[in-house]
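Worksheet: the structure to be examined is printed underneath.
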Amino acid sequence: MKNFDIIVIGGGPGGYIAAIRAAQLGFNVACVDEWKNAKGGPAPGGTCTNVGCIPSKALLQSSEHFEQAGHHFAEHGIGLKDLSIDVPKMLARKDTVVKQNNDGILYLFKKNKVTFFHGRGSFAKAVEGGYEVQVSGSDQESLTAQQVIVATGSNARALPGVPFDEEQILSNDGALRIGGVPKKLGLIGSGVIGLEMGSVWRRLGAEVTILEGLPTFLGAVDEQIAREAHKAFTKQGLKIELGVKVGEVKTGKKSVSIAYTDAKGAEHKLDVDKLIISIGRVPNTIGLNAEAVGLKLDERGAIVVDDECRTNLPGVWAVGDVVRGPMLAHKAEEEGVAVAERIAGQHGHVNFNTVPWVIYTSPEIAWVGQTEQQLKAAGRAYKAGTFPFMANGRARALGDTTGMVKFLADAASDEILGVHIVGPYASELIAEAVVAMEFKASAEDIARICHAHPSLSEATKEAALAVDKRTLNF
Ligand code: FAD
Ligand code: NAI
């Protein structure tokens, strides 16, 4: 039996960051994670590092290079003969990037004196002043601690009756390991994964069809921004069918056939080589043995927590995808830090109003705060200002002028209520908006700040000026 101050179950962004922050605060911390690499060794970092954020961005980068070389280098006077894509090499590079991140986390554990256990962590029982957690797998141990942080993440949701085989019916895991460019690729769900993975394989030459159940495209995104993005994706050749009802899915030896009804009620059949199911994720508490200690789950299987990530059990906390809120790595990290600080008696805090979202397609889509439709629904008086990248010098020089920056500010106080971007490097530009909103800045504050020229960030400044109808370059 080994005793710690804190046991963290799960080594994804929520868990490993919580463990590091807790160790920084002087606690004796154990982190238990069961993810295995191809050789069966430890691969901390969770979904994000192994089959999520990191590998998807590696493939998005490779495929974007291919797209640029094939379709845009010529505009710059760069000629290329015999352009080709070596998919196994691209996947090997992605795997190297993943391993660098796994190794980085193991290094950080050592540096911060977090004790890592490779295996599944399950609640054994409540003991005096804490809990016993059983580790099973490569490491076999019984651990005890006064405080336990659960960060066991999420798994891909399967379509009812259509289990993942990761050959033809793919979750995010299989979608990141397709060994060659499929001729025809189908996706169900045009959310974040559908658009990112659909973009990767379309850029590499697959004919991609996305079937989406809802009648609106990217319903959580500001409508104006979603419209602009839809236009761009359609122009690129991504076929997105909205308002469909998926029927029977039949898997053949090398193909999948999907019966569906379109928005007008007409019946269709889509035949593809592979089908990615990207219809959301479910919280993962498999193997946690929550019952042993009476840890409360909701009807979705998520661990029930309050605003501060406290569960129904004293000394047991839960963070990240396994609890309510957006399933984002940075949200999980912020919760992990806040919990470690609360255990230390500090005032950890996560501001859910300023959690940014990014979709890493081309154009990228990023936003923070409220959308125009949310403000309208709430009856809030607001002012809007937009600025197109078409009028931005840096975007023209980059050859990437799709999209815009949009500001929404309170009609009376001018406080920024939301910033929405579709366009180049939206993922980086959004950080300025997050900082501004955290500091309760007004649109005028951003409009009066000096931004480097020529830079994409000038579009942010100009959109802030547009709130007051005084853009300088449009
Ligand atoms: P996870 O990352 O899922 O980690 C949980 C860990 O706990 C895993 O290692 C799991 O093996 C381990 N575990 C589970 N149960 C046990 C147990 N009983 N014992 C021991 N270990 C256990 N988010 C972004 O912010 N940006 C992105 O660009 C992004 N891209 C994504 C792309 C894809 C394809 C996918 C699928 C997701 C993406 N996400 C992205 C979402 C992001 O991956 C998750 O929000 C994030 O990983 C959640 O972190 P977490 O720590 O809560 O859980
Ligand atoms: P999602 O929630 O983003 O999108 C799922 C889509 O599937 C929705 O549009 C939904 O209407 C549709 N859908 C659901 N059931 C359906 C059905 N039966 N038939 C047709 N359509 C259906 O979920 P996704 O894309 O699986 O991603 C899961 C989560 O992972 C995201 O919500 C996000 O939290 C995270 N993620 C984040 C990324 C990022 O930050 N860049 C990248 C990828 C994933």
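Hydrogens, waters and symmetry mates play no part in the numbers below; they use all other heavy atoms, side chains included. Atoms within each ligand, like the ligands themselves, are counted from 1 in listed order. As the structure is a prediction and not an experimental result, all values here were calculated from the model.
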Minimum-distance protein heavy atom relative to [atom]:
| atom | result |
| --- | --- |
| atom 17 (C) of ligand 2 | I279 CG2, 4.0 Å |
| atom 35 (C) of ligand 2 | M327 O, 3.4 Å |
| atom 39 (C) of ligand 2 | V358 O, 3.4 Å |
| atom 10 (C) of ligand 2 | E212 OE2, 3.4 Å |
| atom 7 (O) of ligand 2 | G189 CA, 3.3 Å |
| atom 29 (C) of ligand 2 | R281 CD, 3.9 Å |
| atom 4 (O) of ligand 2 | G191 CA, 3.2 Å |
| atom 19 (N) of ligand 2 | I188 CG2, 3.6 Å |

Is it the case that ligand 1 has an N or O less than 3.5 angstrom from some N or O of [X]?
| X | result |
| --- | --- |
| R281 | no |
| D33 | yes |
| L328 | yes |
| G14 | yes |
| H330 | yes |
| M327 | yes |
| G121 | yes |
| R120 | no |

When you check the gap from the basic side-chain N to the acidic O, do [X] and [Y] get nearer than 4.0 Å?
| X | Y | value |
| --- | --- | --- |
| E67 | R202 | yes |
| E334 | K331 | no |
| D95 | K99 | no |
| E335 | R324 | yes |

Taking everything shown except [X] itself, do over 12 heavy atoms lie less than 6.0 Å from its [atom1]?
| X | atom1 | result |
| --- | --- | --- |
| Q146 | CD | no |
| E438 | CD | yes |
| K57 | NZ | yes |

Inset, instruction - Could you list which atoms of ligand 2 come closer than 4.0 Å to a heavy atom of L214? - result: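 Every atom of ligand 2 under 4.0 Å from some heavy atom of L214: 11 (O).
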Legend entry - CD1 on I276 to NZ on K274, rounded to 0.5 Å: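 With rounding to 0.5 Å, NZ (K274) is 10.0 Å from CD1 (I276).
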Inset, instruction - Locate the shortest heavy-atom distance separating L242 from A263; write the atom from each residue and the value. - result: O-CB, 3.7 Å
Inset, instruction - State, to 0.1 Å, how close I365 and A229 come at their nearest heavy-atom pair, and which atoms those are. - result: CD1-CB, 3.6 Å
Inset, instruction - Indicate yes or no for a side-chain donor-acceptor contact from Q370 to the backbone of G418 under 3.5 Å, with no hydrogens or angles considered. - result: no
Legend entry - Donor-acceptor contact present, side-chain D139 to main-chain H118, <3.5 Å: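 Flag set: sc D139 to bb H118 pair under 3.5 Å.
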Could you pull out, from [options], the option with a heavy atom nearest to [atom]?
| atom | options | value |
| --- | --- | --- |
| atom 47 (O) of ligand 1 | G325, C48, A329 | C48 |
| atom 18 (N) of ligand 2 | V246, L60, L159 | L159 |
| atom 1 (P) of ligand 1 | N172, T47, V51, L60 | T47 |
| atom 20 (C) of ligand 2 | A366, P356, G213 | G213 |
| atom 4 (O) of ligand 1 | P283, G12, C31 | G12 |
| atom 35 (C) of ligand 1 | G15, A43, G52 | G52 |
| atom 50 (P) of ligand 1 | S154, S427, P13 | P13 |

Inset, instruction - Select one of side chain, backbone, both or neither to describe which atoms of K57 lie under 4.0 Å from any atom of ligand 1, heavy atoms only. - result: side chain
Inset, instruction - Please work out whether any backbone atom (N, CA, C, O) or any side-chain heavy atom from C-beta onward of S56 is under 4.0 Å from ligand 1, and answer side chain, backbone, both or neither. - result: side chain
Inset, instruction - Show which atoms of ligand 1 fall inside a sub-4.0 Å distance from at least one heavy-atom site of N284. - result: 14 (C), 15 (N)
Inset, instruction - May I ask you to decide if the ring planes of F109 and F116 are parallel, tilted or perpendicular, using 30° and 60° as cut-offs? - result: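 Aromatic pair F109/F116 classed parallel.
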Inset, instruction - Kindly assign one of parallel, tilted or perpendicular to the pair F117 and F4, based on the angle between their ring planes and the thresholds 30° and 60°. - result: perpendicular
Inset, instruction - Please say whether E196 places an N or O atom under 3.5 Å from an N or O atom belonging to ligand 2. - result: yes
Inset, instruction - Tell me, please: is G280 in heavy-atom contact with ligand 2, that is, under 4.0 Å? - result: yes
Legend entry - Beyond-backbone contact of R281 with T47, side-chain heavy atoms, under 4.5 angstrom: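 When only atoms from C-beta onward are counted, T47 and R281 do touch, with a gap below 4.5 Å.
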Inset, instruction - Please work out whether any backbone atom (N, CA, C, O) or any side-chain heavy atom from C-beta onward of V192 is under 4.0 Å from ligand 2, and answer side chain, backbone, both or neither. - result: both
